[in-house]
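In this chain, numbering begins with 1 at the start of the sequence shown. This one's a predicted model, so the numbers in the text were calculated from it and none came from an experiment. Numbering of ligands and ligand atoms starts at 1, following listing order.
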Amino acid sequence: MKELIAELTETWGPSGNEDAVRKVIEKSITGHADEVRVDALGNLIVLKKGNVKKGVDKRRIMLAAHMDEIGVIVSHVDEKGFLRFSAIGGVFPPTLLGSRVQFGDGKIGVIGRERVVKPDEAPRMDKMFIDVGSPDKGHVGRRVGDAACFTRPFVDLGQRLVAKAFDDRIGCAVLVQTLLGLKTTPHDVYFVFTTQEEVGVRGATTSAFGVEPEIAVAVDVTLTGDTPEAPTMAVALGAGPAIKVKDRGMLAHVGVKNWMVSTAERLKLPYQFEVLDAGSTDGMAIQTSRAGVATGVLSIPTRYVHSPSEMVDYDDVRHSVELLLGMLSSPVSL
Ligand code: CO
Ligand code: ZN
């Protein structure tokens with residue numbers, strides 16, 4: 001699975017530019033789906049049909065992981081060819097200093113900063129610029145509206161993995177691996193790889209409306225409280241998939257939460273509960289779609305989220321796949 005994770009995390013895909021990520025996923029699921037379609041917002045919707053079994057309630061289940069990653073977008077090009085930019089999603093200015101960004105054509109830019117007047121002042125994005133190494137505006141090769149994202153290679157530390165965009169390519173990898181491993185299911189399972197999560201769960205909003213699920217599980221990253229002086233949080237790397245109870249955007253459906261817990265206990269998989277003070281996931285949009293969807297979230301504990309070097313534990317990833325496989329291969333009653 002590490003090869004797929006490496007390829008997915010190294011692929012370029014700031015929000016609104018998910019095509020390359022979608023291609024990697026389409027390639028990796030070939031031959032495993034009963035139906036594949038792409039909607040107007042670019043969501044990749046992959047159906048695995050259920051085997052009808054007597055006496056088993058077939059449910060319409062949607063799994064969602066977002067393909068997009070945070071990035072920056074050119075807002076102005078000056079006479080000397082320096083680019084000013086705005087954020088795509090939640091970009092923290094300190095993570096930009098010393099970073100390199102990559103544009104859709106593979107070209108690289110480095111982030112520079114205006115002279116520091118007050119050394120104690122937090123770095124601000126409007127005092128930064130991208131330098132693409134052009135001698136003047138005529139050779140800059142970039143226009144307003146060009147998007148870029150962090151560029152960093154995937155690193156395998158053994159038990160732990162480091163990459164840009166684990167948020168949420170690790171969720172995409174978990175969904176792909178679950179589809180490949182799901183021999184039979186009594187349910188119609190929609191694996192949905194969504195767009196534009198980082199700018200306001202927009203792909204999940206339209207895809208949930210289109211898929212019209214009864215039950216949904218979003219798979220995304222969550223923060224941890226296990227680093228020096230971290231904000232207090234019960235989630236730790238390596239302690240198992242995190243079952244969401246609450247975040248800024250939603251309360252998980254209790255039935256779905258309990259379905260995850262009872263499956264983890266039946267399979268003797270480690271798990272932890274998650275209460276997240278900041279942020280949310282696609283689950284928030286799916287839950288309030290149409291007349292409402294019973295929605296839970298499976299979170300992969302991740303350190304340094306929204307930095308160019310996010311870190312996950314490989315066992316958490318594998319256990320997340322096992323948990324989903326266990327959930328989907330049996331009947332559900334919420
Ligand atoms: Co994010
Ligand atoms: Zn995410």
Distance only, no hydrogens: is a donor on one side chain within 3.5 Å (strictly under) of an acceptor on the other, for [X] and [Y]?
X: N43; Y: T206; answer: yes
X: D136; Y: H139; answer: yes
X: H187; Y: D57; answer: no

Looking at the Co ion (ligand 1), which N/O/S atom of E198 is the nearest one?
->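 E198's closest N, O or S atom to the Co ion (ligand 1) is named OE2.
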
Write the atom name of the N, O or S atom in D167 that is nearest the Co ion (ligand 1).
->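 Result for D167 and the Co ion (ligand 1): OD2.
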
Would you please classify the geometry between the F92 ring and the H306 ring as parallel, tilted or perpendicular, with 30° and 60° separating the classes?
->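 The arrangement is tilted - the two ring planes meet at 30° to 60°.
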
Counting no waters, how many protein N/O/S atoms sit under 2.8 Å from the Zn ion (ligand 2)?
->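 Near the Zn ion (ligand 2), the number of protein N, O or S atoms below 2.8 Å is 4.
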
Derivation of the side chain to side chain contact (heavy atoms under 4.5 Å, CB included) call for I111 and I130 = CA-CA 5 Å; I111 308 278; I130 301 170; 4.0 Å; yes

Do any of the N/O/S atoms of H66, backbone or side chain, fall under 2.8 Å from the Co ion (ligand 1)?
->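 Looking at H66, which is the residue asked about, there is no N, O or S atom under 2.8 Å from the Co ion (ligand 1).
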
Run the numbers on T184 and N51 for side-chain hydrogen bond (donor to acceptor under 3.5 Å, both in side chains), then give the verdict.
-> CA-CA 7 Å; T184 58; N51 290 347; 4.6 Å; no

If you count the non-hydrogen atoms of other residues, nucleotides and ligands that lie under 6.0 Å from CZ in R290, is the total more than 12?
->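 Yes - once you tally the heavy atoms of other residues, nucleotides and ligands closer than 6.0 Å, there are more than 12.
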
